[in-house]
Amino acid sequence: MTDFRQIFESRYTWIEGYMRNVRRYPAKTAMIYPDRNKEWNYKELNADVNRLANALVDDGFQKQGVVMIQLLNCPEFAFAYVAAQKVHGVCCPSSYRLSPGELAYNINDSQPLVLIFDASFKPTVLEAVSLSAHKPKRLVVVGGESDGDIISYSDYVKDKSVEEPPYTCDYNIYDETTRLYTSGTTGRPKGVSLTSINEVLSAHDVMIHFPMSYKDTTMNTTPWFHRGGLHCAGPCTIFYAGATLVIMSKFSAATTLKFVARYKISFVIGVPTVLEELADEQERNSYDLATLKGIVTMGSPLERSACIRYQKVLTPNIFNGYGTTETFWNTFLRPFDLPENAGTAGASCVDDDVRVVKVYEDRRAEPEDLVAKDSTEVGEVIICSPAKSPYKYCNNDAETEAKYYKDFIYTNDLAVWDENQFITIVGRKDDMIISSGENIYPTEVEAVLNTHPKVKDCIVTSVPDKIRGQLVTAYVVRNDDSLTPEELDEFCKESPDIANFKRPRLYHFVAQIPFSATGKKLHVKIKETATRDLKNGLLYRV
């Protein structure tokens, strides 16, 4: 048994799975990047990965060192994801939608040796580095020229060996390989430390649930810095399965549908708003979708009427997954569940235990303290996902203690479920806003608005929006009657403490905001007010 454990823990790693495909499928297409009209087979992909891996080694990269990347979906993102694992390190994708202050927090928290970024994000990156106490040894720009302390990606890997990097330490399935950042209830980022075995079993989960194999070609239209982008038929799963990945840097419905025919794509992945745009485009121009086995969506439920339309216009095979950054997806809707169960988040995945437990004001429910399976009693969703979750946050024991309990993660999502354990999400305990697939917390937006000298107080909520899902909406009590929505909008745009996509798009000035008897802002009440005010045309759009 000792020999089995040693072999299993050292050989059942994600990088071993990738290298198996390099050896057995060297001439098979691994990656296609239409923006540069370029393709890589597995041998060529591995050569470019090795150039970066050897550059990192020459820079003094050590085991568990961090490579942070702030990139659009692109080949260099894929190279960094694989190369970091080859040199026993951690790939840390960071959202390119962050403000300089938010990125600086991530840099300080993860302390990367190398930061690779797209040229279009240069101003944000340079300001973030100036704000950060930790300074990366190397700043590498993709799509730009070497300039001062910044080196271009092409110069960084120039003349580097395509041979395997020197073997410096043992691989282990429990080593951290990827670090993704997700916000806490106060908006403070949390580093989710994924291990190699988490990566392997996330890939297996996708291969089981689609299902998919090395014969498939996929395109994930969502950013790879998200768990769903990286693992749902993104670089993690595709390179582990030996399949083919088509890269889309920026979503376009027409381009997506054209690529399906051109590259014989079998699976497309996107958020529900993507499906809406795809259906509109398909109805206008009727593209050839014969190779399409399915479209997979995540992030929010599919309404029954919308689901029926997508099945008719795009493909009968519509899938929907629900989960968290910490646990990937944990419930799943398959085509045979639809449209009857449309609107739900699906039922537990094969290796997951998803439950809905009671909510108490003074304590956390036990995992066995379930709500009735009657689709009416609301409770909190909790998830046991031993295959796909690391069960810890990086450098954050307090959040680990707060979020995990008795092998379950407590999500703060509120839901009901039925006798077949199909779960329907009804809201958030912490009032999180989801706009265009991004998580936004009212408290972080309120904190920025309240620093404006003309703001006495504010409360932030959301209203429904067909395109973004939800629009950030601010109710503001003025200190100065001259304050305008345009002034607040400009203030948010210029603030280094909030990303542009998080700023309010709708405003309403009020004399007071609602508080509970204990002095807490009543986000639930203001959300009801905002829905009425939207209907009555009382919200000011900026």
Side-chain angles (χ1 to χ4, degrees), residues 97 220-223 226 228-229 248 250-257 268-285 287 295-315 318-322 333 338-339 341-346 413-415 424-428 431-442 445 460-475 485 489 492 499-508 523-524 526-542:
R97 305 183 76 178
N220 193 320
T221 66
T222 64
H226 285 307
M248 171 163 278
K250 294 183 179 180
F251 173 71
S252 160
T255 302
T256 298
L257 296 174
V268 171
I269 298 89
V271 296
T273 52
V274 163
L275 269 69
E276 187 71 16
E277 292 186 45
L278 291 176
D280 289 344
E281 178 64 23
Q282 180 66 9
E283 286 180 332
R284 285 191 294 265
N285 293 300
Y287 296 87
I295 298 179
V296 185
T297 184
M298 300 166 289
S300 61
L302 288 173
E303 294 182 356
R304 180 181 174 85
S305 59
C307 179
I308 292 172
R309 180 188 178 216
Y310 303 151
Q311 289 182 308
K312 179 180 178 182
V313 175
L314 297 170
T315 172
I318 301 293
F319 304 78
N320 192 20
Y322 158 80
L333 277 171
L338 299 168
N341 292 292
T344 77
D413 284 328
L414 298 175
T424 300
I425 306 297
V426 298
R428 287 281 297 184
D431 303 301
M432 184 180 74
I433 299 165
I434 303 178
S435 183
S436 298
E438 298 286 352
N439 295 347
I440 304 169
Y441 293 91
V445 184
V460 170
T461 185
S462 66
V463 295
D465 180 74
K466 184 177 180 181
I467 301 301
R468 292 186 174 91
Q470 293 176 308
L471 282 180
V472 181
T473 304
Y475 282 75
D489 190 49
C492 289
N500 190 49
F501 73 89
K502 297 179 181 179
R503 77 182 201 276
R505 303 306 174 97
L506 297 168
Y507 283 90
H508 191 54
H523 288 93
V524 172
I526 202 67
K527 191 165 190 174
E528 294 173 355
T529 301
T531 301
R532 283 197 309 272
D533 288 348
L534 178 68
K535 183 178 180 180
N536 294 326
L538 298 178
L539 300 178
Y540 188 97
R541 187 181 295 266
V542 293

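As a basis for the values below, the full set of heavy atoms in this structure was taken, side chains included, without hydrogen atoms, waters or symmetry mates.
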Is R541 salt-bridged to D489, cutoff N-O under 4.0 Å? no
Closer than 3.5 angstrom, by distance alone: can the side chain of D465 be matched with the main-chain N or O of I467 as a donor-acceptor pair? yes
Working to the nearest 0.5 Å, report the span between OG1 of T344 and OH of Y322. 12.0 Å
Contact between V460 and V472 at the side-chain level, heavy atoms closer than 4.5 Å - yes or no? yes
CG-CD1 distance between L314 and I295, expressed to the nearest 0.5 angstrom: 4.5 Å
Could you tell me if the side chain of P442 sits less than 4.5 Å from the side chain of T461, heavy atoms only? no
Would you call L275 and I318 a side-chain contact if the rule is heavy atoms closer than 4.5 Å? yes
Could you grab the distance from atom CD1 of I526 to atom NE2 of H508, nearest 0.5 Å is fine? 8.5 Å
Examine distances only and state if a side-chain atom of S462 and a backbone atom of L471 form a donor-acceptor pair shorter than 3.5 Å. no
Calculate, to the nearest 0.5 Å, the distance between atoms OH and OG1 belonging to Y310 and T297 respectively. 8.0 Å
Apply side-chain contact (heavy atoms from CB on, under 4.5 Å) to residues V296 and V268 and explain how you reach the verdict. CA-CA 6 Å; V296 185; V268 171; over 6 Å; no
Quick check: does any side chain N or O of Q470 sit under 3.5 Å from a backbone N or O of I434, one acting as donor and the other as acceptor? yes
Might you work through the side-chain contact (heavy atoms from CB on, under 4.5 Å) test for M298 and V271, ending with a clear yes or no? CA-CA 5 Å; M298 300 166 289; V271 296; 6.0 Å; no
Kindly indicate whether the side chain of T473, heavy atoms from C-beta on, has any atom under 4.5 Å from the side chain of Y507. no
Short N-O contact, E283 and K312, less than 4.0 angstrom: no
Mind checking whether Y540 and V542 have side chains closer than 4.5 Å, heavy atoms only? yes
Heavy-atom distance under 4.5 Å between the side chains of I425 and L414, does that happen here? no
Looking at CG of L506 and CG of L538, how far apart are the two atoms once the value is rounded to the nearest 0.5 Å? 11.5 Å
Heavy-atom pair of closest approach, residues R503 and C492: CB-CB, 3.7 Å
I need the L338 CG to F319 CZ distance, nearest 0.5 Å. 9.5 Å
Inspect the contact between E438 and K502 and indicate whether a charged nitrogen and a carboxylate oxygen are less than 4.0 angstrom apart. no
Without swapping roles, check the side chain of T221 against the backbone of I269 for a donor-acceptor pair under 3.5 Å. yes
Is it true that a side-chain atom of N220 and a backbone atom of T222 form a donor plus acceptor pair closer than 3.5 Å? yes
Heavy-atom distance under 4.5 Å between the side chains of F251 and L278, does that happen here? yes
Could you check whether any side-chain heavy atom of Q282 comes within less than 4.5 Å of a side-chain heavy atom of Y287, counting everything from C-beta outward? yes
Looking only at heavy atoms, what is the nearest atom pair of A254 and E281, with distance? CB-OE2, 3.6 Å
Q311 backbone acceptor or donor facing T315 side chain under 3.5 Å: no
Between T255 and S252, is there a donor-acceptor pair closer than 3.5 Å when you use the side chain of the first and the backbone of the second? no
